[in-house]
Amino acid sequence: MSSRWIYPGRVTILRVFWLLRLPQLFCTCVAFSLVVDMGIWRGAIGNWAMSFWCVCFTMTLIISTVELYRRRSYFPFFWHNISVTFACYAALICLSASIIYSITHVQFLPDGPYRDRAIAAMAFSCIASVLYVIEVTGMRAWYNLKEIFFYEHTTRALLKVLETFVAVVIFALLCNFSLYLQEPALEWCVAVYSICFFLAAVVLLLGLAEWEYTPPRLFSIFQLVLTLLSVLLYISALVLWPLYQFSEEFGGLPQRFMDESCVDGLSYYMCAWDQCLAVAVLTAINLLVYVADLGYWARQVSGGTENVSRAPDSGQSHPVTSLSEDIL
């Protein structure tokens, strides 16, 4: 059965809209409104969080409109894979916005209405994250698509989502160009993050387009080579970034108090030293994700790919086991 041309009925779409999409829109809109009303008290991190909530609200609204007005056939990829992919990112975005905003800004706010608004915004952001997680896990059952292959329900897809998401958070931290400009080693690290993000995004799009099925063995080798390249690049970044940021030998600052931007007790933004530390930690986390991805594809190539899922024919249905051997 073709995965590109199977859509749920209108009753199911309306049920998902009222139970999930509308609460998602409400939570992201309220979180955005609470923080935007804080004025200068929201801080630079508040602006960053608002942009994330705004993206989630806008994309949820677009997806809801497309489904309600039945315009899914206008999209080249399997529509439900697109919506589930967005829900994965939105869950991570809302959760990370809540955690980062609370750690880097809210805890420094004095007791009062602004602090209460920030806490309420984080609560709504967490609720939105839970709603997006429910959408990811329940899409197959609610839309009665038990025989349809969901790329985002596989290990390889979730690893790519994590890789690209962590890279996006790193890019947000690197908006402070003074962290790496004028230093070739640090500029190389930024190039590494960009190259690896681009490669992971391309692979993710190929998976959503269901190009991974032809031919399966070549695609597995292609994935293995790209992931190995990304691992090697991230190892170089993990060595160079802390070395040039925290070693006095290379002009870095080993202690936080040595950074003048970290002196102020009430931080409306992450100081440069904190940003460098966050980038170093996220680099290590993403390297671990890439290593897990490398292990997965090494196993696929070494064990043979005769059992790797193949694309469904346009007019026939196939059992679930033949389509999703690594579905979580």
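Just so it is clear, the model here is predicted, and its values are computed rather than measured.
With 3.5 Å as the limit, one finds a donor-acceptor pair spanning the side chains of Thr283 and Tyr193. Under 3.5 Å, the side chains of Gln182 and Glu187 contain no donor-acceptor pair of N or O atoms.
Looking at heavy atoms from C-beta onward, Phe17 lies out of side-chain contact with Glu67 at the 4.5 angstrom threshold. No side-chain heavy atom of Leu253 sits less than 4.5 Å from a side-chain heavy atom of Gln245. Side-chain contact check for Met38 versus Leu34: every heavy-atom pair is 4.5 Å or farther apart. Between Leu179 and Leu186 there is no side-chain heavy-atom pair separated by less than 4.5 Å.
Here the two rings, on Trp53 and Phe57, have centers that are 6.0 Å apart or farther. Taking the six-membered ring where the residue is Trp, the centroids of Trp273 and Phe246 are separated by under 6.0 Å.
The backbone N or O of Ala121 sits nowhere less than 3.5 Å from a side-chain atom of Ser125 that would complete a donor-acceptor pair. Listed for the Gln223 side chain is no donor-acceptor partner under 3.5 Å among the backbone atoms of Leu218. At distances below 3.5 Å, not a single donor-acceptor pair connects side-chain atoms of Trp18 with backbone N or O atoms of Pro23. With hydrogens and angles disregarded, a donor-acceptor distance shorter than 3.5 Å links the side chain of Arg115 to the backbone of Val106. Checking side-chain atoms of Thr227 against main-chain N and O of Leu294 turns up no donor-acceptor pair under 3.5 Å.
Rounding to the nearest 0.5 Å gives a distance of 11.5 Å between CG of Leu131 and SG of Cys126. One finds the OG atom of Ser178 at 13.0 Å from the CD atom of Glu183 (value rounded to the nearest 0.5 Å).
Note: Phe124 and Phe26 have perpendicular aromatic rings, judged against thresholds of 30 and 60 degrees for the angle between ring planes. Taking the six-membered ring where the residue is Trp, Tyr290 and Tyr234 present tilted rings, their angle falling between 30° and 60°. Between Tyr132 and Phe86, the ring planes lie perpendicular to each other; the angle is over 60°, past the 30° to 60° tilted range. Ring orientation note: the planes of Tyr180 and Phe177 are nearly perpendicular, at an angle over 60° on the 30°/60° scale.
Around atom CZ of Phe171, more than 12 heavy atoms belonging to other residues, nucleotides or ligands sit under 6.0 Å away.
When hydrophobic clusters are built by joining Ile, Leu, Val, Met, Phe, Trp and Tyr residues whose side-chain heavy atoms come closer than 4.5 Å, directly or via intermediates, Phe222 is grouped together with Trp297. Linking Ile, Leu, Val, Met, Phe, Trp and Tyr residues whenever their side-chain heavy atoms come within less than 4.5 Å places Val281 and Val168 in a single cluster. Follow the hydrophobic side-chain contacts under 4.5 Å out from Leu95 and you never reach Leu173; the two are in separate clusters. Cluster membership check: Leu199 shares its hydrophobic cluster with Val202, using side-chain heavy-atom separations under 4.5 Å among Ile, Leu, Val, Met, Phe, Trp and Tyr. Tracing side-chain contacts under 4.5 Å through hydrophobic residues (I, L, V, M, F, W, Y), one reaches Leu162 starting from Leu204; they form part of the same cluster.
Taking a cutoff of 4.0 Å between a charged side-chain nitrogen and a carboxylate oxygen, Asp293 and Arg156 do not qualify as a salt bridge.
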(request) Using the side-chain hydrogen bond (donor to acceptor under 3.5 Å, both in side chains) rule, take Thr164 and Tyr89 through it: C-alpha gap first, then chi angles, then the decisive distance, then the call. (result) CA-CA 9 Å; Thr164 52; Tyr89 281 111; 2.3 Å; yes
